[in-house]
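Take a look at the structure below.
Below, each value reflects all heavy atoms present in this structure, side chains not excepted, and no hydrogens, waters or symmetry copies.
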Number of protein chains: 2
Amino acid sequence: MSDSPARTPTQSAIWAAALRLFSENGYAATSVRDIGAAAGVDPSLVIRHFGSKEALFLATMQLDLSANPLTSTPLETLGATFIDSVLTTDEHVRGVFLALLRASGSDGISSQLREAHEQSFVAPLRDRMTGPDADLRARLAAALVGGLLYALWVAGDEALLATDHDEVVRRYGELLQSLITP
Amino acid sequence: MSDSPARTPTQSAIWAAALRLFSENGYAATSVRDIGAAAGVDPSLVIRHFGSKEALFLATMQLDLSANPLTSTPLETLGATFIDSVLTTDEHVRGVFLALLRASGSDGISSQLREAHEQSFVAPLRDRMTGPDADLRARLAAALVGGLLYALWVAGDEALLATDHDEVVRRYGELLQSLITP
DNA sequence: GTCTATAATTGGATAGAC
DNA sequence: GTCTATCCAATTATAGAC
C-alpha cells in the first residue's frame, strides 16, 4: 500500500477519505459526495484533483504486499510462513483486496487486480523457486493462497474462520510447501 | 442452476433475460430497464413480478453444482476428477459465479454466495471424506478449489489459462487428493 | 485553489388506466 | 396481466464566480 503522494492538504485529505471509504464500503457504495464530505471538502474538488471516481479508486486501492519478509525466511518453511503472513495481514489489506475483487467488473480495475495478484502472490513465490516448471508451480501456489483468502473473506467460511490459526497454517502451509519444494 | 419456474410467458422471458444479462454484465451494470428491454417487456413488470432488482438477482443467480457425478467416482481419483470438473464447467457457471462474487458486498447476496460455496464445494467433498478432521480438510479443500477459480477467472492469470489442461488437473488435483486421502 | 450551483443522466420503484 | 407515464432520489461531472 503506497503512501499518499500528498501535495496539498486537500489532496491528502481526499486521498485518506477515499482510501478509508472504498476499503470499508466498496466502490459502488461509495459516492464522490461521501468522499468529499469525509474529507471536509467540496465534492467537486474530488473530481478536479483526481479526474474521475475510477481514477481515484485506482490511485488509492493499491495492494502491495511485496514488502514481506518472505525473502529472508528459509525455503523449507516458506509455505507455513507465507500462509501465516497472509492470515495476519491487517484489516486494511482485507478491505483493499475485497474492494478490488468486487469492482473487478471494470476493465481498468480488473487489470489492477491482475497486477496485484502477480506482484503480491506469484512473483514472491516464483522468486524463491527453482526448476523448469517454477513458473507453473508459482502460479498454482498463488491460486492456493488466493483460495484461502477467497474462502475466508469472500465465501465467508465461518467454521474455517473459527479454526485454530496454527492448525490452518500447518495444514494449508504444508500444501503450499509441496509446491515450493516438491 | 435451477430452471425457470415459468408461470406465465412474461415471467419466463424476464427470468431468462435477467439470467443472461446478470451473468454477462454483472449486477451493477444491469438495469431493470435493460432486463425489460431484453425480455421484450415493460420495465415496470420486472419489479411487479419479482419485487425488486435484488430479489430477481437472487432468484436467477443460483449456483448449484451438486449434480456432479462426483459421488460415483473412486475416492482415489476424486482430486483430479473434481479439478477437471470445475475446469470444464460451461461458460454459464462462470458468469453466475463471477456475478455473485462481485455483488457480494450486499448482505443478501453475500449469504447466497456462502451457501453456494458450502453446497457446491464443501459439502460434496466432505461427504466423501472420513476421519475426525474431515470437516476441516473439506473446508481447506474447498478453499483450494475456489482458489483455482479465483486465479483463472478473477485474477485472470493468463499464463495459467494457457497452461495445458491436463497438466493443471494432474498437479493441482494431486494437492486436492492429499487432503481427501491424506 | 476553492466553492456554489447546476447540468445531464440514470437509477429503482409506483400509480392508475386499460 | 399489461402498459403509459412519471415520481423521486441519486449519481458523476462541469461551468464559472471568488
Query raised in the report: Does H49(A) have a side-chain nitrogen or oxygen under 4.0 Å from the phosphate oxygens OP1 or OP2 of dT2(C)?
Result: yes
Report task. Go through the side-chain N and O atoms of R102(B) and S104(A) and say whether any donor and acceptor fall under 3.5 Å apart. Result -> yes
Query raised in the report: Can you tell which of dG12(C), dA13(D), dT2(C) lies closest to the side chain of I47(A)?
Result: dA13(D)
Requested in this report: Return the 5'-most residue of the pair T10(B), P43(A) with respect to DNA chain D, ranking by each residue's nearest nucleotide.
Outcome: T10(B)
Query - From dT2(D), dC3(C), dG12(C), nucleotide with atom closest to S44(A) side chain - result: dC3(C)
Requested in this report: Report yes if at least one side-chain N or O of S31(A) is closer than 4.0 Å to OP1 or OP2 of dT11(D); otherwise report no.
Outcome: yes
Query raised in the report: Hey, are T81(A) and D84(A) close enough side-chain-wise for a donor-acceptor pair under 3.5 Å?
Result: no
Query raised in the report: Please give, in whole Å, the distance from dT2(C) C1' to R48(A) CZ?
Result: 9 Å
**Report entry** Residue R33(B), side-chain heavy atoms: nucleotide from dC3(C), dA13(C), dC3(D) that is nearest
**Finding:** dA13(C)
Query raised in the report: In whole Å, what is the span from the CG atom of D42(A) to the C1' atom of dA13(D)?
Result: 12 Å
Query raised in the report: How many Å lie between CG on L21(B) and P on dG11(C), as a whole number?
Result: 12 Å
Query raised in the report: Any side-chain donor paired with an acceptor under 3.5 Å for T181(B) and Q177(B)?
Result: yes
Query - Rounded interatomic separation in angstrom, taking CZ from F50(B) and C1' from dG1(D) - result: 14 Å
Query raised in the report: E54(B) has an atom CD; how far is it from atom P of dG11(C), in whole Å?
Result: 17 Å
Query raised in the report: Are L113(A) and S110(A) close enough that some pair of their side-chain heavy atoms sits under 4.5 Å apart?
Result: no
Report task. Side chain of K53(A) only, please: which of dG16(D), dA13(D), dG1(D) is the nearest? Result -> dA13(D)
Query - Sugar-phosphate, base or nothing in reach of S52(B), heavy atoms under 4.0 Å - result: sugar-phosphate
**Report entry** Nucleotide dG12(C), atom C1' - distance to CG of D34(B) in whole Å
**Finding:** 13 Å
Query raised in the report: The side chain of Q11(A) lies closest to which of these nucleotides: dT4(C), dA13(C), dG1(C)?
Result: dG1(C)
Query raised in the report: Tell me: CZ of F57(B) to P of dG12(C), nearest whole Å?
Result: 13 Å
Query raised in the report: Tell me: CD1 of I35(B) to C1' of dG11(C), nearest whole Å?
Result: 12 Å
Requested in this report: Establish, yes or no, whether the cationic atom of K53(B) lies under 6.0 Å from the six-membered ring centre of F22(B) and within 45° of the ring axis.
Outcome: no
